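Heads up: the structure comes next, in structure tokens.
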Amino acid sequence: MNNSYKCPKCNNYLSYNESSKLLKCENCNIEYKIQNNNIKNCYICGDCNAKVISSKNMDKCIYCNSSNITLDNTNFNSYNIIPYEIDEKRAKTILKKFYNCRIFKPSKFNLNNLTKIYMPYDLCSYKISGKLNYSCNKITRFRTGGNRYNKIDSYMLKREAKIDISDCLIYKSSNIDENLVNRIGPYDTNKIKQVDSNYLDEYIIELENKNTNDEINTNFSKEVEKSIKGYKDIKLIDMESKIDFISKTSVLIPVYISNINYKGKKYIIAINGENGNISGYVPISKCKIFLLWIIIFVLVFIITFLFSYFKVIK
């Protein structure tokens, strides 16, 4: 069998075994499955545990830049996606504008890498009901004999609730801060279409590592907690819930990410691949803050000196 498949590790051509129906790299002694006429390689980061599918060779993790990655292969046939509408050139322009607006960014902090990645979501409509138990405190402040006191009373609160949710996108990965991902929304779910894995060969696809039901329960408890007023230190103790799905569809969402490690800390900026919304974290330079304070101090000193000088003259 003639083929142009290359080994993701050493880039040598793979040979095909008719009996096993597998491709093999004689150099690395690794076998691969053929899936939809394309090899689907799964890269696993040993440091942050990220798992992504990529048809391109990867020598480092796209999230933490670690080179501690291992190669596996996985089944991947068809999926529902929201296609990219922002091309890479425009995404780089959006990133550059976002970066240049941060006047206190470190001089040596450069975001020059941009990666296309489809991120895993579930589009759900569901009904959830449950019983929840919370612990909380109520603080009463009073005075006695000129002294101030705080009285803390602890309580156990029981709540029962029902919530109906329609067309909710639930993020199913922990590799990027969920708050960051939510800030680049929304996405137009009317643009969802089904494609096979061949369409996605030029992209990186993140594999899910979170359970949808757990995420729904977490969101449910947070919503119920908002109804508790007048108490402090509210904590969920336990809950019993029932989830009835009306519809549930796995969807890949288009995102660009720019990622860099700066002084041992990871910084990620995410761009919505459909509408261009951007959000992320950029470090602040202490030197620039210090310089700003010096400038302000000098200006205040000069203004005060001139004010005093002209006041004496008068």
Side-chain angles (χ1 to χ4, degrees), residues 50-52 76-86 117-136 156-195 200 205-257 268 270-280:
K51 295 182 180 181
V52 298
F76 190 88
N77 297 314
S78 62
Y79 235 99
N80 298 292
I81 70 163
I82 296 178
Y84 279 89
E85 295 188 8
I86 303 295
I117 180 168
Y118 270 108
M119 309 190 80
Y121 279 76
D122 270 343
L123 177 63
C124 303
S125 294
Y126 60 90
K127 297 180 179 180
I128 182 171
S129 59
K131 299 179 180 179
L132 306 93
N133 295 318
Y134 296 89
S135 67
C136 56
M156 290 289 295
L157 299 181
K158 296 183 178 182
R159 291 289 187 271
E160 293 187 19
K162 296 180 180 180
I163 298 178
D164 293 355
I165 301 292
S166 297
D167 296 332
C168 175
L169 281 171
I170 298 175
Y171 182 46
K172 298 196 296 180
S173 175
S174 58
N175 295 318
I176 296 182
D177 181 9
E178 187 172 355
N179 294 324
L180 170 60
V181 175
N182 289 338
R183 284 198 295 270
I184 65 173
Y187 288 90
D188 187 354
T189 55
N190 292 320
K191 296 179 180 179
I192 292 175
K193 67 177 184 179
Q194 189 177 49
V195 297
L200 299 172
I205 303 166
E206 180 183 15
L207 296 181
E208 60 188 65
N209 61 12
K210 292 169 72 174
N211 183 276
T212 300
N213 285 24
D214 292 340
E215 293 302 298
I216 290 175
N217 282 324
T218 298
N219 295 336
F220 179 56
S221 65
K222 289 179 179 179
E223 287 299 316
V224 175
E225 184 178 323
K226 291 177 183 178
S227 67
I228 302 176
K229 307 295 182 181
Y231 295 90
K232 302 290 185 181
D233 305 321
I234 303 170
K235 295 181 181 179
L236 178 67
I237 302 300
D238 57 63
M239 65 179 290
E240 296 179 3
S241 65
K242 180 183 178 183
I243 304 172
D244 294 318
F245 286 102
I246 300 171
S247 62
K248 181 182 177 184
T249 305
S250 295
V251 182
L252 293 174
I253 299 297
V255 177
Y256 290 94
I257 65 169
I268 292 180
I271 303 173
N272 185 317
E274 182 200 357
N275 58 33
N277 289 343
I278 184 171
S279 183

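All of these numbers come straight from a predicted model, not from anything done at the bench. Heavy atoms only: backbone and side chains are in, while hydrogens, waters and symmetry mates are out.
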Per-pair distances, 0.1 Å, donor-acceptor, side chain in residues 231-242, under 3.5 Å, sequence neighbours excluded:
from : atom 1 : to   : atom 2 : distance (Å)
D233 : OD2    : N137 : ND2    : 3.1
D238 : OD1    : N133 : ND2    : 2.7
S241 : OG     : N217 : OD1    : 2.6

Salt-bridge present (K172, E215; N to O < 4.0 Å): no
What donor-acceptor contacts under 3.5 angstrom involve side-chain atoms of residues 173-181, with partners at least two apart or in another chain?
from : atom 1 : to   : atom 2 : distance (Å)
S173 : OG     : N175 : N      : 3.2
S173 : OG     : N175 : ND2    : 3.2
S173 : OG     : E206 : OE2    : 2.3
S174 : OG     : N209 : ND2    : 3.3
N175 : ND2    : E206 : OE2    : 2.6
D177 : OD1    : N179 : N      : 3.2
D177 : OD2    : Y281 : OH     : 2.9

What's the verdict on side chain to side chain contact (heavy atoms under 4.5 Å, CB included) for I278 and N272, showing C-alpha distance, side-chain angles and the deciding distance? CA-CA 6 Å; I278 184 171; N272 185 317; over 6 Å; no
Step by step, work out the side chain to side chain contact (heavy atoms under 4.5 Å, CB included) result for S166 and D164. CA-CA 7 Å; S166 297; D164 293 355; 6.0 Å; no
If I take atom CD1 from residue I128 and atom CD1 from residue I243, how far apart are they, to the nearest 0.5 angstrom? 4.5 Å
Going by the rule salt bridge (charged side-chain N to carboxylate O under 4.0 Å, His left out), which residues pair with K127 if we only count those two or more places apart in sequence or in a different chain? none
For G273, is there any backbone N or O sitting under 3.5 Å from a side-chain donor or acceptor partner on E85? no
Using a strict cut-off of less than 4.0 Å between a Lys/Arg side-chain nitrogen and an Asp/Glu carboxylate oxygen, indicate whether E208 and K51 qualify as a salt bridge. no
Drop me the distance from S135's OG to L157's CG, to the nearest 0.5 angstrom. 8.5 Å
Output a table of donor-acceptor pairs, distance under 3.5 Å, between side-chain atoms of residues 245-257 and any protein atom two or more places apart or on a different chain; print 'none' if there are none.
from : atom 1 : to   : atom 2 : distance (Å)
S250 : OG     : D122 : OD1    : 3.1
Y256 : OH     : I86  : O      : 2.6
Y256 : OH     : E88  : N      : 3.3

Geometric class of the Y187/Y121 ring pair [parallel <30°, tilted 30-60°, perpendicular >60°]: tilted
Looking at side-chain heavy atoms only, is the closest gap between K193 and N80 below 4.5 Å? no
Do T212 and C124 come within less than 4.5 Å of each other through their side chains, counting heavy atoms only? yes
Close side-chain approach of N277 and I271, heavy atoms under 4.5 Å: no
Contact check, side chains of D244 and Y126, non-hydrogen atoms, under 4.5 Å: no
Evaluate the side chain to side chain contact (heavy atoms under 4.5 Å, CB included) criterion for residues K158 and L132: first the C-alpha distance (whole Å), next the side-chain angles of each, then the deciding distance (0.1 Å), finally the verdict. CA-CA 6 Å; K158 296 183 178 182; L132 306 93; over 6 Å; no
Answer yes or no: is there a side-chain heavy-atom contact under 4.5 Å between I192 and I81? no
For E225, what residues pass the salt bridge (charged side-chain N to carboxylate O under 4.0 Å, His left out) criterion, not counting sequence neighbours? none
Would Y134 and M156 count as a side chain to side chain contact (heavy atoms under 4.5 Å, CB included) if you check the C-alpha gap in whole Å, the side-chain angles of each, and the deciding distance to 0.1 Å? CA-CA 6 Å; Y134 296 89; M156 290 289 295; over 6 Å; no
Return the set of residues passing side-chain hydrogen bond (donor to acceptor under 3.5 Å, both in side chains) with D214 (not counting sequence neighbours), or none when no residue passes. none
